[in-house]
**Student:** 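Input: one structure, supplied below.
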There are 2 protein chains.
Amino acid sequence: MARQVAERSDTIPALANVFRTYGFDGASLAVITEHTGLGKGSLYNFFPRGKEEMAEAVLDEVDGWFRSEVFEPLRAESVPPRQRIQSMFATAGDYFRSGQRICLFGAFALGEERNRFGARVRTYFDEWTAALEAALVGAEDSIGLAEEAVAGIQGAIVMSRALDDGAVYSRVTTRLEDRLVQALTP
Amino acid sequence: MARQVAERSDTIPALANVFRTYGFDGASLAVITEHTGLGKGSLYNFFPRGKEEMAEAVLDEVDGWFRSEVFEPLRAESVPPRQRIQSMFATAGDYFRSGQRICLFGAFALGEERNRFGARVRTYFDEWTAALEAALVGAEDSIGLAEEAVAGIQGAIVMSRALDDGAVYSRVTTRLEDRLVQALTP
DNA sequence: GTCTATACAGTGATAGAC
DNA sequence: GTCTATCACTGTATAGAC
């Protein structure tokens, strides 16, 4: 598929797709060339340090998206906590397409990619958990609940991918959402 | 590290280690040679179809282990359900070393390895969930609970790897265990 | 900025000596 | 059964034309 490319950031969505599908090792420059529509020369022009820089750019982009679309809304004190939490599950479900789309940070945490990008991976999970904990105001053991929910979403992705069944993701995350909302109003 | 090798099965633990650490793509024959102490000639003597056959053998071995050590005990009707479930969490926690050791099937579910080994991955999760459900006799929504627990364990592995903190695994799985035991005795 | 050509290390796999 | 040598190929990365 040819793509209209004018600047570096235009390639990020395609690169994200490639790394999600093939992992860091499996994403060969041949595959990247095909999916971005850019030759090696152009790619090295945008990303002088090669594949590693491409992956870093993708992780930064995804992290930025979660920051503005998930983490910050979780801390928006003008919105009722219950609504913030429900929005988080809705947004995450859309993003991960009910488990049909994997979490790059989760996959990199399991794979050998953790050696290269461990700091970014850790930050992502730390921030998500902390933001969710902030939304669980007044709930008992808000830290444990937040931790369980973030881990549960990752597990839901793993399992729905394993069974190739998006319904698993929906069922598991709905249970999590119910439990968190429940904890808010004892 | 040199290894005493007499037959094919002697190589499986080392191979499992390699695939867990590097993934299927990242596990080059050079790395495999190093970790098994066997040259390519010997490896291809044991596994004529090469890397793919090695990974299949590893998955079969792990699957067999879970079958006898986890799935079957979950169905042992001579043991009280509560005890079966507690044993499962204890055994899984030991096996995954509190999240320091990843689940090959979970990692393969997220990665491109799913394309090759999807059937084995699916079976593993199906059987685990079904066996756990069988142990949740009398519990309300035993299917949903079992699904949540299996997914939760996978998520606990992802997150404790991401944060490089085995305590996360322990906390998350303890919560799951408590909830399942609770559901048994309403 | 994008391409093609090229370098060259590393890949999975095979053949044949021992 | 294990090794070394070698195969054809693909990997990342670079150089230079346009």
Side-chain angles (χ1 to χ4, degrees), chain A residues 1-59 61 104 107-108 111-117, chain B residues 1-59 61 104 107-108 111-117:
Chain A
M1 160 183 57
R3 295 188 130 262
Q4 192 78 348
V5 173
E7 44 183 331
R8 184 184 130 129
S9 63
D10 292 342
T11 68
I12 303 289
L15 287 174
N17 242 319
V18 171
F19 286 122
R20 252 188 284 262
T21 306
Y22 299 96
F24 185 78
D25 273 25
S28 70
L29 288 185
V31 169
I32 293 173
T33 290
E34 184 186 346
H35 281 74
T36 56
L38 261 58
K40 296 182 193 181
S42 304
L43 289 170
Y44 275 89
N45 179 51
F46 287 141
F47 306 95
R49 295 197 342 273
K51 250 174 71 167
E52 182 141 352
E53 190 170 354
M54 299 180 207
E56 286 170 6
V58 167
L59 291 178
E61 198 277 339
L104 216 40
F108 279 20
E112 97 290 358
E113 294 94 339
R114 192 183 62 149
N115 297 326
R116 291 173 185 268
F117 310 109
Chain B
M1 163 182 55
R3 294 189 131 263
Q4 192 79 347
V5 173
E7 45 184 331
R8 183 184 130 129
S9 63
D10 292 342
T11 68
I12 304 288
L15 287 174
N17 241 320
V18 171
F19 285 122
R20 253 189 283 264
T21 306
Y22 299 95
F24 185 78
D25 273 24
S28 70
L29 287 187
V31 170
I32 293 174
T33 289
E34 184 187 347
H35 281 73
T36 57
L38 262 59
K40 295 183 191 181
S42 304
L43 288 170
Y44 274 89
N45 179 50
F46 287 140
F47 307 95
R49 295 197 342 273
K51 248 173 73 167
E52 181 141 353
E53 192 171 353
M54 298 181 209
E56 285 171 6
V58 167
L59 291 178
E61 198 276 339
L104 257 184
F108 279 20
E112 98 289 358
E113 294 94 339
R114 192 182 63 149
N115 298 326
R116 291 173 187 267
F117 310 109

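Residue numbering restarts at 1 for every chain, and letters A, B, ... go by the order of the sequence lines.
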**Student:** Starting at CG of A:N45 and ending at C1' of D:dT14, how long is that distance when rounded to a whole Å?
**Tutor:**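 Result: 13 Å.
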**Student:** Between A:K51 and B:G39, which is nearer to the 5' end of DNA chain D once each is assigned its nearest nucleotide?
**Tutor:**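 By nearest-heavy-atom nucleotide position, the 5'-most residue is B:G39.
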**Student:** When the ring planes of A:F117 and A:F108 are compared, do they come out parallel, tilted or perpendicular, using 30° and 60° as the limits?
**Tutor:**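 Ring orientation, 0 to 90° scale: parallel.
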**Student:** Among C:dT2, D:dT12, D:dT2, which nucleotide sits nearest the side chain of A:L38?
**Tutor:**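 Nearest nucleotide to the side chain: C:dT2.
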**Student:** Measure the angle between the two terminal helix axes of the helix from C:dG1-D:dC18 to C:dC18-D:dG1, five base pairs each, and quote it to 10°.
**Tutor:**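 Inter-axis angle at the ends, rounded: 0°.
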**Student:** Can you figure out which of D:dG11, C:dG12, D:dT2 approaches the side chain of A:A30 most closely?
**Tutor:**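 The closest nucleotide is D:dG11.
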**Student:** Quick one: is C:dA13 close enough that its OP1 or OP2 comes under 4.0 Å of any side-chain N or O from B:K40?
**Tutor:**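 B:K40 to C:dA13 OP1/OP2: no side-chain N or O under 4.0 Å.
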**Student:** Starting at CG of A:D25 and ending at P of C:dG10, how long is that distance when rounded to a whole Å?
**Tutor:**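 Spelled out: CG on A:D25 to P on C:dG10 is 14 Å.
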**Student:** Could you check which of C:dT11, C:dA13, D:dG11 has an atom nearest any side-chain atom of A:S28?
**Tutor:**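 Of C:dT11, C:dA13, D:dG11, D:dG11 is nearest to the side chain of A:S28.
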**Student:** How close or far is atom C1' of D:dA13 from atom CD1 of A:I32, stated in whole angstroms?
**Tutor:**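 It works out to 13 Å between those atoms.
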**Student:** On DNA chain D, compare the nucleotides closest to B:S42 and A:G26; which residue's is nearer the 5' end?
**Tutor:**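 Closer to the 5' end of DNA chain D: B:S42.
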**Student:** Using the ring of each side chain (for Trp, its six-membered ring), is A:F24 parallel, tilted or perpendicular to A:F19, with breaks at 30° and 60°?
**Tutor:**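 The rings of A:F24 and A:F19 lie parallel, inter-plane angle below 30°.
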